[in-house]
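Here is the structure we will look at, set down as structure tokens.
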Number of protein chains: 2
Amino acid sequence: MGRPREFDIDQALERAMRVFWARGYEGSSLAELTSAMGITKTSMYAAFGNKEQLFRKALQRYGAGPAAYATRALEEPTARAVASAFLRGAVRTTTPPGGPSGCLTVQGALASSDETQAVHDLLVDWRNDAGVRLEERFRRAVNEGDLPRDADPRRLARFIMTMGFGIAVQAANGLGPAELDEIVDTALLGWPA
Amino acid sequence: MGRPREFDIDQALERAMRVFWARGYEGSSLAELTSAMGITKTSMYAAFGNKEQLFRKALQRYGAGPAAYATRALEEPTARAVASAFLRGAVRTTTPPGGPSGCLTVQGALASSDETQAVHDLLVDWRNDAGVRLEERFRRAVNEGDLPRDADPRRLARFIMTMGFGIAVQAANGLGPAELDEIVDTALLGWPA
DNA sequence: CCACAACCGTACCACTCGGTACAGATCCAC
DNA sequence: GTGGATCTGTACCGAGTGGTACGGTTGTGG
């Protein structure tokens, strides 16, 4: 039906994701986005709707790609292994050799002007969801006796999430994976049991 | 001498600081800034130079005001007390009852477009300086026998800074002081000695 | 009292922003 | 091969951006 699109929609989305990752939502202009995607504004609007929807799809891709470590970590056998895998995944993702430093979901829109509020809220939910999944995993660990009975899963999950966010900022600050791994080691010193 | 200015420059700067705090550098338009400051663009340019210099002065004010806890914490007698005071100060500053949540130096310009690069770099330096001061304090603690001889001051400082940044993100995410204090407790469980 | 210096407000500047109208190009189904 | 559907590029839109020119206003020093 009709003229087929001349660009690879997947590759274009990947490139848009990287721009958002490096520049944040507000800092990414349509000009830079479409230039990186190798298409014109018109094609972008036809394929993705508008800037906000492009960001939403880029965020989905981020969750399924670079941030998939967060979901994979939940499958580790013990709570400690989950925490460790989560944080080390965060380290690797926020310091990719050839890509932008930091975390898309943190740099995307931490502060919010009126018009970016929707995106801001979207990211708040995204980050909170990640924390909830971690909390549920730790709750399971308590039930399974993997964590002490008096351990507080919510508290532990919030602690790990806090470390993850902090790692994202440190990565944006210029710290490399080796230094961040040391920080993770330090953070896990007080881990229960 | 000429006509004296009709507004309180200190109060105007305070209000500008709060706008930057809530909106970030890019998200703060001159219209919103000057409206909050209660002056016109012309007066703002006459008094502060331009948007970037206004931000620099707002950042100075932030360091001397809301973020002064970071310097005060260094005066605590033990390394543990320093770490605790630092993080609890971060909690209180990032969750002010009537003010914007989060930390100006984190939300200000985490991601950087080309034109905000200067501000971005300024904030990177600011954050790194805070880490260095903490590191020096912990090094002193090792020398004084307050921390174990095999403790790594830089590593500990980076860990505490990471927690501070994470707390800022969690505050922007909606967590309150009580929940953040719990996280601080959890973080300090593994503190040496 | 008056000249000069500084401040204030309006009106404006070039530019960029996200977004769109429209015409031409390119394909598939019939 | 032709109609209709879709994609592409250009040219454009109104609104908002940071920043400024300029004339009117308000003060102080001589």
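Residue numbers start from 1 in every chain, and the chains themselves are labelled A, B, ... in the order their sequence lines are given, proteins ahead of strands.
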Check whether A:Y25 forms a cation-pi arrangement with A:K51 (NZ or CZ under 6.0 Å from the six-membered ring centre, at most 45° off the ring normal).
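Pair A:K51/A:Y25 counts as cation-pi.
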Let me know which of A:I183, A:T95, A:V91 forms a side chain to side chain contact (heavy atoms under 4.5 Å, CB included) with A:L175.
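Of the listed residues A:I183, A:T95, A:V91, the side chain to side chain contact (heavy atoms under 4.5 Å, CB included) partner of A:L175 is A:I183.
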Expected list for residues 102-113 of chain B: side-chain donor-acceptor pairs under 3.5 angstrom, two or more places apart:
unit_1: B:Q107; atom_1: NE2; unit_2: B:S101; atom_2: O; d: 2.6
unit_1: B:S113; atom_1: OG; unit_2: B:E26; atom_2: OE2; d: 3.0
unit_1: B:S113; atom_1: OG; unit_2: B:T116; atom_2: OG1; d: 3.4

May I have the distance from [X] (atom [atom1]) to [N] (atom [atom2]), rounded to whole angstrom?
X     : N      : atom1 : atom2 : value
A:L33 : C:dC17 : CG    : P     : 10 Å
B:I9  : C:dC7  : CD1   : C1'   : 12 Å
B:F7  : D:dT25 : CZ    : P     : 20 Å
A:E32 : C:dG18 : CD    : P     : 10 Å
B:M37 : C:dC8  : CE    : P     : 11 Å
B:R5  : D:dT28 : CZ    : C1'   : 16 Å
A:M44 : C:dG19 : CE    : C1'   : 10 Å

A:I160 versus A:A83, closest heavy-atom pair with distance:
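Closest heavy-atom pair between A:I160 and A:A83: CD1-CB, 3.7 Å.
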With a cut-off of 3.5 Å and sequence neighbours excluded, list every side-chain donor-acceptor pair involving residues 167-174 of chain A.
unit_1: A:Q170; atom_1: NE2; unit_2: B:R158; atom_2: O; d: 3.3
unit_1: A:Q170; atom_1: NE2; unit_2: B:T162; atom_2: OG1; d: 3.1
unit_1: A:N173; atom_1: OD1; unit_2: B:R127; atom_2: NE; d: 2.8
unit_1: A:N173; atom_1: OD1; unit_2: B:R127; atom_2: NH2; d: 2.7
unit_1: A:N173; atom_1: ND2; unit_2: B:N128; atom_2: OD1; d: 2.8

Report yes if a side-chain nitrogen or oxygen of B:S43 is closer than 4.0 Å to either non-bridging phosphate oxygen (OP1 or OP2) of C:dC8; otherwise report no.
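So the side chain of B:S43 is within the cut-off, an N or O lying under 4.0 Å from OP1 or OP2 of C:dC8.
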Check this one for me: any side-chain N or O of B:T40 less than 4.0 Å away from OP1 or OP2 of C:dC8?
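It does not, given that no N or O in the side chain of B:T40 lies less than 4.0 Å from OP1 or OP2 of C:dC8.
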Whether over 12 other heavy atoms sit under 6.0 Å from B:E115 CD
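No - once you tally the heavy atoms of other residues, nucleotides and ligands closer than 6.0 Å, there are 12 at most.
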With sugar-phosphate taken as primed atoms, P, OP1 and OP2 and all else as base, the protein-contact string of nucleotides 14-23 of chain D at under 4.0 Å (heavy atoms; B, S, -) is ---SSBBB--
Name all residues meeting the ring-ring contact (aromatic ring centres under 6.0 Å, His included) criterion together with B:W191; count only those two or more places apart in sequence or in a different chain, and write none if there are none.
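ring-ring contact (aromatic ring centres under 6.0 Å, His included) list for B:W191, sorted by chain: B:F138.
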Residues in ring-ring contact (aromatic ring centres under 6.0 Å, His included) contact with B:Y45, at least two apart in sequence or another chain
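With neighbours one apart ignored, the set is empty.
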Salt-bridged, B:D146 to B:R80, with N to O below 4.0 Å?
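Salt bridge between B:D146 and B:R80, a charged N being under 4.0 Å from a carboxylate O: no.
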Could I get a table of every N or O pair under 3.5 Å where one atom is in the protein and the other is in nucleotides 26-30 of chain C?
unit_1: C:dT26; atom_1: O4'; unit_2: A:R3; atom_2: NE; d: 3.4

